[in-house]
Amino acid sequence: MDPHAKDSRRRLRGFLALTFLAGTLAAAAGAPVRSSYGARITADEPEYLLTAMSLAEDRSLDVSDEIGDERWRPFHEVRIRPQAKVLDGGRMVSPHDPLLPVLLVPGAAAGGWLGAKLTLSVVNGVLAALILWAAVRRYGCPPRRSALVVCLFAASAPLAVYGSQIYPELPAALAVTVAIVCLSGPLTVRNLVVLSVAIVGLAWLSSKFIPVGAVLAAIALWRLWRGGRLRTAVGLTAFFTLAGAAYLWGHLRWYGGLTVYATGWFFAETGELSVIGTDPDIPARSSRLIGLLVDRRFGLAAWQPAWLLLVPALAWISRKRIPNWEALVLPFATGWLGATFLALTMHGWWFPGRQTVVVLPAAVLGIAAWTSSHRHVWPMAVIGAAGVFNLAWLFLQGWRRDLTMIVDFYETSNPLYRTWARLLPDYIALDGGDWALHAAWAAAAVVSMLVAAGAVGTGGRLRRVRRPRAATGSAGRST
């Protein structure tokens, strides 16, 4: 083996270990922090944990005995209000897809609520390492710079936060990253099998991830068709058809409807589709296109300003058509549009960024690729360090019980956040000043997209950009 190649692999392994530790430890630091003042975990979290406990002990989705025996007392001091309605025979099946509880069974059985949280902390570490591997081996990014970028995002909000909260978002982000790795490499039988498992896993983690999974599947089928592998494309289509039928059959049998929402008492009168709202105002929701990023409390950039770089990074990737660009841009756009127009609200009983976590790995890869094309990565490092500082301050206050991660995180005493938040619009209040800030940030996003894509020169004049020559080779060729 070439000594240089051997040394490169050794250094990459070192960076992978570093990012794994950074992601795992940063998330684990938030595990002891309470979600609310009356409970260690709150909202949907107890539902997932009780189901995991039921699977571990009874091998059943029925949580009626866990609720009747008040098994929630160790992590929920106030009386819990079950989300599931009582079914025939007294059964109660939580209105949440079962794959996350299945993944949590070992941790919950060994360590209860803390074991479940630490399981997701390890998921955050694995996610960070896989993003770095994809950046280096699939998108040709320098290991050192990429490790810096990945560590900054893995050790800040929202990834590190959802590495210590019991939600399916982080496993879904890992599934999306696995799919991106497969799509950006050669479409061998092994990669197609892994890709298929990741896409099906997204659906079983939550039905809200199905659109992202569908786009990932469409990219694979398009590449197979473009590469002349029609029989493989037909076979993959047949697999997804059977997987979809099994998904519907399982939900009809276990939940009594096409989705898990059929067992929720709060959907009994309004129906399963009311999960997106009984009378959604789609034009009004369009403000979330930028609000998901810059909202004063629930925007990604409020807690990690480096997320602002996803706008120029993805614009640059789309314009330059780097190899395998669509595996990043299309799933991200699908997830972002879903969070904008399908999610009931971007403000809720959760930590900011929940609706976007599933596709944030694509953004991290995009930022890593974009920053790799520039000499100076240190400005990004300074901005990203501010986000790590913000999360450390939140966790410190949480350890001291000065605040919780769900109820009042935005009341942090962190002077950096409080100063920065004044520049961000409050989409809950939305007075004249907030609309002005909204317009300013929207304009800034458009300008940054145009500049990064090369459509606007430094003097502000529009210019024509030559599209790079299409890559040669097979449709699934690795970079």
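It should be emphasised that the depicted structure is a prediction, and the values quoted were computed from it without experimental measurement.
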*Asks:* Can you name the closest pair of heavy atoms from Leu104 and Ala52 and give their distance?
*Replies:*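 Where Leu104 meets Ala52 most closely, the heavy atoms are CB-CB, 4.0 Å.
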*Asks:* Hey, could you give me the CD1/CD1 distance between Ile210 and Ile199, rounded to the nearest 0.5 Å?
*Replies:*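 Rounded to the nearest 0.5 Å, the CD1-CD1 separation comes to 12.0 Å.
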*Asks:* Is the side chain of Arg13 donor-acceptor paired with the backbone N or O of Ser8 at a distance under 3.5 Å, no angle test?
*Replies:*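 A pair under 3.5 Å: no.
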*Asks:* Taking atom types as modelled and ignoring hydrogens, do the side chains of Ser35 and Glu45 form a donor-acceptor contact shorter than 3.5 angstrom?
*Replies:*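 A pair is found: one side chain offers a donor N or O, the other an acceptor, under 3.5 Å apart.
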*Asks:* Enter the distance from Ser318:OG to Leu328:CG here, rounded to the nearest 0.5 Å.
*Replies:*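 Atom-to-atom, Ser318:OG and Leu328:CG are 9.0 Å apart.
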*Asks:* Are Leu360 and Leu300 side-chain neighbours, meaning at least one heavy-atom pair lies under 4.5 Å?
*Replies:*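 Yes, side chains in contact.
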*Asks:* With respect to Val260, which candidate in Val93, Asp97, Leu61 satisfies the side-chain contact (heavy atoms from CB on, under 4.5 Å) definition?
*Replies:*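 Output: one option passes, namely Asp97.
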*Asks:* Would you say Thr188's side chain and Asn191's backbone share a donor-acceptor pair under 3.5 angstrom?
*Replies:*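 Yes: the side chain of Thr188 pairs with the backbone of Asn191.
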*Asks:* Would you check, one step at a time, whether the test ring-ring contact (aromatic ring centres under 6.0 Å, His included) holds for Phe409 with Phe298?
*Replies:* CA-CA 10 Å; Phe409 56 88; Phe298 282 81; 5.6 Å; yes
*Asks:* Taking all heavy atoms of Leu159 and all of Val357, pick out the closest pair and write down the distance.
*Replies:*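 For Leu159 and Val357, the tightest heavy-atom pair comes out as CD2-CG1, 4.2 Å.
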*Asks:* Please round to the nearest 0.5 Å and tell me the distance separating atom CZ of Arg296 and atom CH2 of Trp420.
*Replies:*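 Rounded to the nearest 0.5 Å, the CZ-CH2 separation comes out at 12.0 Å.
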*Asks:* Short question: side chain of Trp336, backbone of Leu289 - any donor-acceptor pair under 3.5 Å?
*Replies:*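 At least one qualifying donor-acceptor pair exists.
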*Asks:* Is there side-chain contact between Tyr139 and Ile180, with heavy atoms separated by less than 4.5 Å?
*Replies:*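 In short, these two side chains touch, coming nearer than 4.5 Å.
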*Asks:* If we only count heavy atoms from C-beta on, is the Leu132 to Val149 side-chain gap below 4.5 Å?
*Replies:*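 Leu132 vs Val149: side chains apart.
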*Asks:* Hey, does Leu308 have a side-chain heavy atom less than 4.5 Å from the side chain of Trp441?
*Replies:*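 In contact.
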*Asks:* Between Thr356 and Met346, does a side-chain contact (heavy atoms from CB on, under 4.5 Å) hold up when you go through it step by step?
*Replies:* CA-CA 10 Å; Thr356 63; Met346 70 175 177; over 6 Å; no
*Asks:* Kindly give the heavy-atom pair with the smallest separation between Phe75 and Leu49, and that separation in Å.
*Replies:*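 Looks like CE2-CD2, 3.6 Å.
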*Asks:* Please test Ser146 against Phe15 for side-chain contact (heavy atoms from CB on, under 4.5 Å), starting from the C-alpha separation and ending with a verdict.
*Replies:* CA-CA 9 Å; Ser146 301; Phe15 286 127; over 6 Å; no
*Asks:* Go through the steps for Tyr48 and His96 under the test ring-ring contact (aromatic ring centres under 6.0 Å, His included), then give the verdict.
*Replies:* CA-CA 7 Å; Tyr48 288 113; His96 300 281; 4.8 Å; yes
*Asks:* Please walk me through it: do Tyr417 and Trp393 pass ring-ring contact (aromatic ring centres under 6.0 Å, His included)?
*Replies:* CA-CA 10 Å; Tyr417 165 76; Trp393 193 292; over 10 Å; no
*Asks:* Ser184 side chain to Val181 main-chain N or O, any donor-acceptor pair under 3.5 Å?
*Replies:*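 It does hold such a pair.
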*Asks:* May I ask you to check whether Trp350 and Tyr167 place their ring centres under 6.0 Å from each other?
*Replies:*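 Between Tyr167 and Trp350, the centre distance exceeds or equals 6.0 Å.
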*Asks:* Mind checking whether Glu326 and Leu183 have side chains closer than 4.5 Å, heavy atoms only?
*Replies:*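 No, too far: nothing below the 4.5 Å cut-off.
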*Asks:* Nearest heavy-atom pair of Leu205 and Pro171: which atoms, and what distance?
*Replies:*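 Smallest interatomic distance, heavy atoms only, reads CD1-C, 3.8 Å.
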*Asks:* Less than 4.5 Å apart, any side-chain heavy atom of Val200 and any of Phe239?
*Replies:*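 The answer is yes, as the side chains (C-beta and beyond) meet within the 4.5 Å cut-off.
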*Asks:* With a 4.5 Å cut-off on side-chain heavy atoms, are Val311 and Leu293 touching?
*Replies:*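 Side chain of Leu293 against side chain of Val311, heavy atoms only: contact under 4.5 Å found.
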*Asks:* Does a donor on one side chain sit under 3.5 Å from an acceptor on the other, for Tyr162 and Asn124?
*Replies:*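 No, no side-chain donor-acceptor pair sits under 3.5 Å.
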*Asks:* Distance alone, cut at 3.5 Å: any donor-acceptor contact between the side chains of Asn414 and Gln397?
*Replies:*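 No, no side-chain donor-acceptor contact under 3.5 Å.
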*Asks:* Return the CZ to CG distance between Arg137 and Leu130, rounded to the nearest 0.5 Å.
*Replies:*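 Answer rounded to 0.5 Å: 12.5 Å.
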*Asks:* Please report the shortest heavy-atom distance between Ala363 and Leu310, naming the atom on each side.
*Replies:*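 What the structure gives for the nearest pair is CB-CB, 4.0 Å.
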*Asks:* Are Arg145 and Val136 close enough, and set up right, to give a side-chain contact (heavy atoms from CB on, under 4.5 Å), and what steps lead you there?
*Replies:* CA-CA 10 Å; Arg145 291 187 182 185; Val136 176; over 6 Å; no
*Asks:* Hey, are the side chains of Leu394 and Val33 touching, using non-hydrogen atoms and a 4.5 Å cut-off?
*Replies:*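 Sidechains of Val33 and Leu394: no contact.
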*Asks:* Looking at Phe341, does the NZ or CZ of Arg285 lie under 6.0 angstrom from its six-membered ring centre and within 45 degrees of the ring axis?
*Replies:*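 The answer is no, since Arg285 fails at least one limit relative to Phe341.
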*Asks:* Indicate yes or no for a side-chain donor-acceptor contact from Thr345 to the backbone of Gly348 under 3.5 Å, with no hydrogens or angles considered.
*Replies:*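 No.
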*Asks:* Would a distance-only check, ignoring hydrogens and angles, find a side-chain to backbone donor-acceptor pair under 3.5 Å from Ser448 to Ala445?
*Replies:*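 Yes, Ser448 side chain to Ala445 backbone: donor-acceptor pair under 3.5 Å.
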*Asks:* Under 4.0 Å between a Lys/Arg side-chain N and an Asp/Glu carboxylate O for Glu169 and Lys208?
*Replies:*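 A salt bridge links Glu169 with Lys208.
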*Asks:* Given 3.5 Å as the limit, does a donor-acceptor pair link the side chain of Trp307 with the main chain of Ala157, or not?
*Replies:*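 Between the backbone of Ala157 and the side chain of Trp307 there is a qualifying donor-acceptor contact (under 3.5 Å).
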*Asks:* Do Arg297 and Asp408 meet the salt-bridge criterion of a basic N to acidic O distance under 4.0 Å?
*Replies:*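 Arg297 and Asp408: not salt-bridged.
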*Asks:* Using 0.5 Å steps for rounding, measure from the CG atom of Leu391 to the CH2 atom of Trp303.
*Replies:*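 CH2 of Trp303 is found 9.5 Å from CG of Leu391.
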*Asks:* Any donor-acceptor pair under 3.5 Å linking the side chain of Trp399 with the backbone of Ala29?
*Replies:*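 Confirmed, Trp399 side chain pairs with Ala29 backbone.
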*Asks:* Considering non-hydrogen atoms only, spot the tightest contact between Trp204 and Ala246 and give its length.
*Replies:*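 Of all heavy-atom pairs spanning Trp204 and Ala246, the closest is CZ2-O, 4.1 Å.
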*Asks:* Can you classify the ring geometry of Trp72 versus His76 as parallel (below 30°), tilted (30 to 60°) or perpendicular (above 60°)?
*Replies:*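 Perpendicular: the ring planes of Trp72 and His76 meet at over 60°.
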*Asks:* For Trp222, is the NZ or CZ atom of Arg226 found under 6.0 angstrom from the centre of its six-membered ring and inside 45 degrees of the ring axis?
*Replies:*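 Yes, Arg226 sits over the ring of Trp222.
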*Asks:* Could you walk me through whether Leu314 and Trp370 pass side-chain contact (heavy atoms from CB on, under 4.5 Å), step by step?
*Replies:* CA-CA 8 Å; Leu314 294 176; Trp370 181 58; over 6 Å; no
*Asks:* Atom CG of Leu187 and atom CZ of Arg223: how far apart are they, to the nearest 0.5 Å?
*Replies:*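 Interatomic distance, Leu187 CG to Arg223 CZ, rounded to 0.5 Å: 6.5 Å.
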*Asks:* Please confirm whether the backbone N or O of Val161 pairs with a side-chain atom of Ser164, one donor and one acceptor, at under 3.5 Å?
*Replies:*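 Confirmed, Ser164 side chain pairs with Val161 backbone.
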*Asks:* Keeping the roles fixed (side chain from Thr334, backbone from Val212), state whether a donor-acceptor pair exists under 3.5 Å.
*Replies:*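 Absent.
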